[in-house]
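Just so it is clear, the model here is predicted, and its values are computed rather than measured. We count ligands from 1, going down the list as the structure has it; atoms in each ligand are counted the same way.
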Amino acid sequence: MRKKIVAGNWKMHKTATDARALITPLLKANIDPAKTSVVLMPPFIYLSEFSAMPHNPGISLGAQHSFYEKEGAYTGEISAYMLQSLGVTHCLVGHSERRKYFNELDIICLEKVKALMEQKITPVLCVGEELEVREAGTHFDHVKTQLLPVLTTLKPTEITKLVIAYEPVWAIGTGKTASVQQAAEMHAHIRRMFAVQFDVNIASQVHILYGGSVNENNAKELMNAGDIDGVLVGGASLKSDVFLKIIEAAG
Ligand code: PGA
């Protein structure tokens with residue numbers, strides 16, 4: 001059975017003091033690590049301090065971005081190699097905001113995925129369509145195009161370690177969640193792509209998360225749908241009491 005993953009993407013929020021206040025109650029949460037894996041993705045600058053805090057077996061640290069080169073003269077960048085030295089276990093790749101503001105193309109996402117896997121960090125590859133694409137009815141093809149580079153490059157042993165996050169761009173930060181049916185049919189479509197490229201057994205091991213205006217009220221219903229293996233939460237991960245309710249909904 002696939003474990004539920006609840007990831008909190010803090011994006012570019014919180015001062016150092018506020019970040020500490022947010023993580024402290026979360027670290028005390030009672031989480032069964034056999035059933036749920038919680039991943040906190042704060043801004044880079046807090047990772048070092050957080051990695052030295054008391055360990056909660058149900059919680060691990062993730063990053064929001066990484067560069068695909070290992071080290072070198074790349075001012076301002078952080079590599080997977082550096083992240084693993086802090087014990088970071090997950091890293092977002094191709095979040096729609098990175099695609100939009102930093103021109104993160106599918107081919108760059110593939111390089112990032114490979115670099116993360118080399119360091120044994122789980123890439124959380126984000127895919128999803130803009131509103132115009134959904135309205136044009138081409139959302140399934142759009143997501144397929146975003147996934148093809150990894151599907152056709154990674155080996156079966158690597159592909160099972162990949163986490164996919166389906167985040168319809170029109171649902172991110174807008175308060176508009178995809179309906180459970182819209183999310184579930186896209187998740188089934190994604191899993192089918194893995195089954196066609198590899199086989200059903202491999203496809204059944206891939207975690208597919210939903211993201212886009214997830215909150216404490218809709219998390220349970222979304223996670224109860226068969227192919228939805230967890231949630232990637234933005235805004236609702238910035239308040240510990242709200243995020244704790246979402247973690248509870250996974251249990
Ligand atoms: P949101 O963001 O929950 O604020 O919609 C989700 C995300 O961007 O990962």
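- Here the protein heavy atom with the shortest distance to atom 4 (O) of ligand 1 is Gly235 N, 2.9 Å.
- Close approach to Gly173 involves these atoms of ligand 1, each under 4.0 Å from a residue heavy atom: 1 (P), 4 (O), 5 (O).
- With values rounded to the nearest 0.5 angstrom, Trp170 atom CH2 is found 12.5 Å from Glu132 atom CD.
- Using a 30° and 60° split on the angle between ring planes, His187 and Tyr210 fall in the tilted class, from 30° to 60°.
- Under the 4.0 angstrom criterion for non-hydrogen atoms, Ala171 is in contact with ligand 1.
- Close contacts between ligand 1 and His95 involve ligand atoms 7 (C), 8 (O), 9 (O) [criterion: under 4.0 Å to a heavy atom].
- Seen from the ring of Tyr81, Lys70 counts as a face-on cation partner, given the 6.0 Å and 45° thresholds.
- At a 4.0 Å heavy-atom cut-off, ligand 1 touches Asn9 through the side chain alone.
- Nearest protein heavy-atom neighbour of atom 9 (O) of ligand 1: Glu167 OE2, 2.7 Å.
- Counted by atom type alone, Thr15 and Asp18 present one or more donor-acceptor pairs between their side chains at under 3.5 Å.
- Side chains of His95 and Glu104: no donor on one and acceptor on the other come within 3.5 Å.
- Distances below 4.0 Å separate heavy atoms of Leu232 from the following atoms of ligand 1: 9 (O).
- Looking at His207 and Lys4, their side chains never bring a donor and an acceptor atom within 3.5 Å of each other.
- Side chains of Glu77 and His65: a donor-acceptor N/O pair is present below 3.5 angstrom, by distance only.
- Every atom of ligand 1 with a heavy atom of Gly212 under 4.0 Å away is listed here by number and element: 5 (O).
- At least one heavy atom of Ser213 sits less than 4.0 Å from an atom of ligand 1.
- Side chain to side chain, Thr177 and Ser213 fail the donor-acceptor criterion of an N or O pair below 3.5 Å.
- Here the protein heavy atom with the shortest distance to atom 2 (O) of ligand 1 is Lys11 NZ, 3.3 Å.
- By the 3.5 Å distance cut-off applied to N or O atoms, Gly234 is counted among the residues near ligand 1.
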